[in-house]
Amino acid sequence: MIDLSLSVPENKRVYFASDFHLGSPSHSVSLEREKKVVRWLNSIMHDAHSLFILGDIFDFWFEYGHTIPKGYARLMGCLAGLRDAGIGIYFFTGNHDMWMQDYFPKEFGIRVFRKPATVEINGTRFLLGHGDGLGPGDFKYKVLKKIFENKICQWAFRCIHPDLGIPLANFLSRNSRDVNLKKDLEFLGDKEWILQFCREAELKDHHDIYMFGHRHMPLDININENSRYINLGDWMNHFTYAVTESKKTYIVKFDTSMASGQ
């Protein structure tokens with residue numbers, strides 16, 4: 001089943017990025033990263049047909065009834081400008097921002113996906129998602145994810161005042177990142193969980209490209225002669241993204257020196 005089908009003109013491109021983790025590890029460091037992300041987004045506005053953000057745009061995001069985490073004004077304004085220019089933006093929730101509700105759809109017209117989806121772009125079939133909880137292993141996180149996604153648990157957290165709940169969640173998010181920092185830098189070869197998921201999924205339903213984030217490592221690996229697994233890397237260490245144009249899809253590293261002084 002195709003969840004989304006796009007017809008992109010030859011002079012336009014589709015862009016993919018993930019794992020900005022804005023808010024981490026401190027306000028000042030996050031602000032500099034946000035400026036780089038905005039500089040990149042402004043640089044693609046002239047030829048972008050669509051933008052797919054594959055999760056963890058924030059290190060923590062939770063929407064209360066009338067409250068969202070403060071900050072990120074530059075990013076929000078840039079996303080609004082892209083949408084006002086007619087560029088489609090699609091967001092896949094990650095493990096750090098799975099609590100996104102209706103703010104992005106209502107405020108920006110950004111479609112939100114909560115599970116991997118099949119997207120067809122000019123006949124090329126993509127399976128897109130954040131990548132958390134896929135493949136074998138990581139049982140502890142898979143249990144936690146079920147708890148985090150539980151509506152009763154979300155209601156209980158929403159009962160905590162934002163001045164208490166948001167700092168607590170930010171602390172736990174940073175602590176989790178510190179614990180897993182070493183794992184994010186270690187390539188596991190054939191034991192990469194998302195790669196194993198892609199190989200198993202390809203046996204059931206063909207996709208030309210499996211593209212995910214979460215792994216914080218830019219990867220482009222052949223699954224077979226007709227299928228590839230691409231991981232987008234991140235914007236904490238690699239500043240990488242992917243581009244699709246004229247039936248070609250490839251990873252690009254943003255020249256961060258261009259983002260200085262913004």
Hey, mind stepping through Thr244 and Phe16 against side-chain contact (heavy atoms from CB on, under 4.5 Å) and telling me if it holds?
-> CA-CA 8 Å; Thr244 288; Phe16 309 84; 3.4 Å; yes

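- In this structure, Phe126 has its ring center at least 6.0 angstrom away from the ring center of Phe52.
- Looking at Arg215, its side chain never comes within 3.5 Å of a backbone N or O of Ile194 through a donor-acceptor pair.
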Just do the ring pair (Phe, Tyr, Trp, His ring centres under 6.0 Å) check on Tyr229 and Tyr210 with the steps written out, would you?
-> CA-CA 5 Å; Tyr229 158 50; Tyr210 295 81; 8.2 Å; no

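- In this structure, Ile53 is a member of the same hydrophobic cluster as Met76, with clusters built from ILVMFWY side-chain heavy atoms closer than 4.5 Å.
- Hydrophobic clustering places Ile68 together with Val112 (ILVMFWY residues linked when any side-chain heavy atoms are closer than 4.5 Å, directly or through intermediates).
- A distance of 11.5 Å separates CG of Asp132 from CG of Leu54, quoted to the nearest 0.5 Å.
- Arg125 places no side-chain N or O within 3.5 Å of a backbone atom of Ile2 that could act as its donor or acceptor partner.
- The backbone N or O of Ile230 lies less than 3.5 Å from no partner atom in the side chain of Asp220, so there is not a single donor-acceptor pair.
- Taking NZ from Lys36 and CG from Asp255, the interatomic distance works out to 10.5 Å, rounded to the nearest 0.5 Å.
- Contact of the Leu128 side chain with the Phe92 side chain is registered, since non-hydrogen atoms from C-beta on lie closer than 4.5 Å.
- Contact annotation: the side chain of Asn224 approaches that of Glu202 to within less than 4.5 Å [non-hydrogen atoms, C-beta and beyond].
- Ser30 approaches Gly23 most closely through the heavy-atom pair OG-N, 2.6 Å.
- Using a distance-only test at 3.5 Å, with no hydrogens or angles considered, a donor-acceptor pair links the side chain of Arg83 to the main chain of Phe108.
- The minimum heavy-atom distance between Met1 and Thr118, with the atom names listed, is O-CB, 3.4 Å.
- His27 NE2 to Glu32 CD: the interatomic distance, rounded to the nearest 0.5 Å, is 10.5 Å.
- Under the 4.5 Å side-chain heavy-atom criterion for Ile, Leu, Val, Met, Phe, Trp and Tyr, Phe20 and Leu82 are members of the same hydrophobic cluster.
- Using a 30° and 60° split on the angle between ring planes, Phe58 and Phe104 fall in the perpendicular class, above 60°.
- Side-chain contact between Leu75 and Leu41 is present, with at least one heavy-atom pair separated by less than 4.5 Å.
- Looking at Lys248 and Glu245, no side-chain N of the basic residue comes within less than 4.0 Å of a carboxylate O on the acidic one, giving no salt bridge.
- Two residues are said to be in side-chain contact when any heavy atoms from C-beta on lie closer than 4.5 Å; Asp97 and Phe91 meet this criterion.
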So His207 and Ile223, side-chain contact (heavy atoms from CB on, under 4.5 Å) or not? Walk me through it.
-> CA-CA 10 Å; His207 290 81; Ile223 297 174; over 6 Å; no

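- Between the side chain of Glu10 and the backbone N or O of Ser246, no donor-acceptor pair lies under 3.5 Å.
- Of all non-hydrogen atoms in Ala242 and Leu232, the two that sit nearest each other are CB-CD2, 3.5 Å.
- Proximity of Tyr103 to Trp61: side-chain heavy atoms (C-beta onward) are separated by under 4.5 Å at one or more points.
- In this structure a side-chain-to-backbone donor-acceptor pair under 3.5 Å is present from His46 to Ser43.
- Contact record, Thr240 with Pro218: OG1-CB, 4.0 Å, taken as the closest heavy-atom pair.
- The CG atom of Leu79 lies 11.0 Å from the CG atom of Asp84; values are rounded to the nearest 0.5 Å.
- Of the possible polar contacts, one joining the Arg33 side chain to the Ser24 backbone as a donor-acceptor pair under 3.5 Å is found.
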Between Phe239 and Val37, does a side-chain contact (heavy atoms from CB on, under 4.5 Å) hold up when you go through it step by step?
-> CA-CA 9 Å; Phe239 306 98; Val37 170; over 6 Å; no

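- In summary, the side chains of His216 and Asp19 do present a donor paired with an acceptor at a separation below 3.5 Å, with no hydrogens or angles considered.
- His206 and Asp208 share a side-chain donor-acceptor pair at under 3.5 Å.
- You'll find the side chain of Glu192 stays beyond 4.5 Å of the side chain of Asn231, heavy atoms only.
- One side chain, His130 or Asp56, offers a donor N or O that lies under 3.5 Å from an acceptor on the other.
- Separating the OG atom in Ser18 from the OH atom in Tyr241 is a distance of 14.0 Å, to the nearest 0.5 Å.
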Please lay out, stage by stage, how Leu31 and Arg74 fare under the test side-chain contact (heavy atoms from CB on, under 4.5 Å).
-> CA-CA 9 Å; Leu31 183 59; Arg74 292 166 181 80; 3.3 Å; yes

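- A perpendicular orientation is assigned to the rings of Trp40 and Tyr15, their planes being inclined by more than 60° (bins at 30° and 60°).
- Proximity of Leu134 to Trp193: side-chain heavy atoms (C-beta onward) are nowhere separated by under 4.5 Å.
- Using a 4.5 Å heavy-atom threshold, the side chains of Ile121 and His49 count as separate.
- Looking at Lys12, its side chain never comes within 3.5 Å of a backbone N or O of Ser50 through a donor-acceptor pair.
- In this structure, the separation between CD1 on Ile57 and CH2 on Trp235 is 11.5 Å, given to the nearest 0.5 Å.
- In this structure, Cys78 and Asn42 approach most closely via the heavy-atom pair SG-OD1, 3.6 Å.
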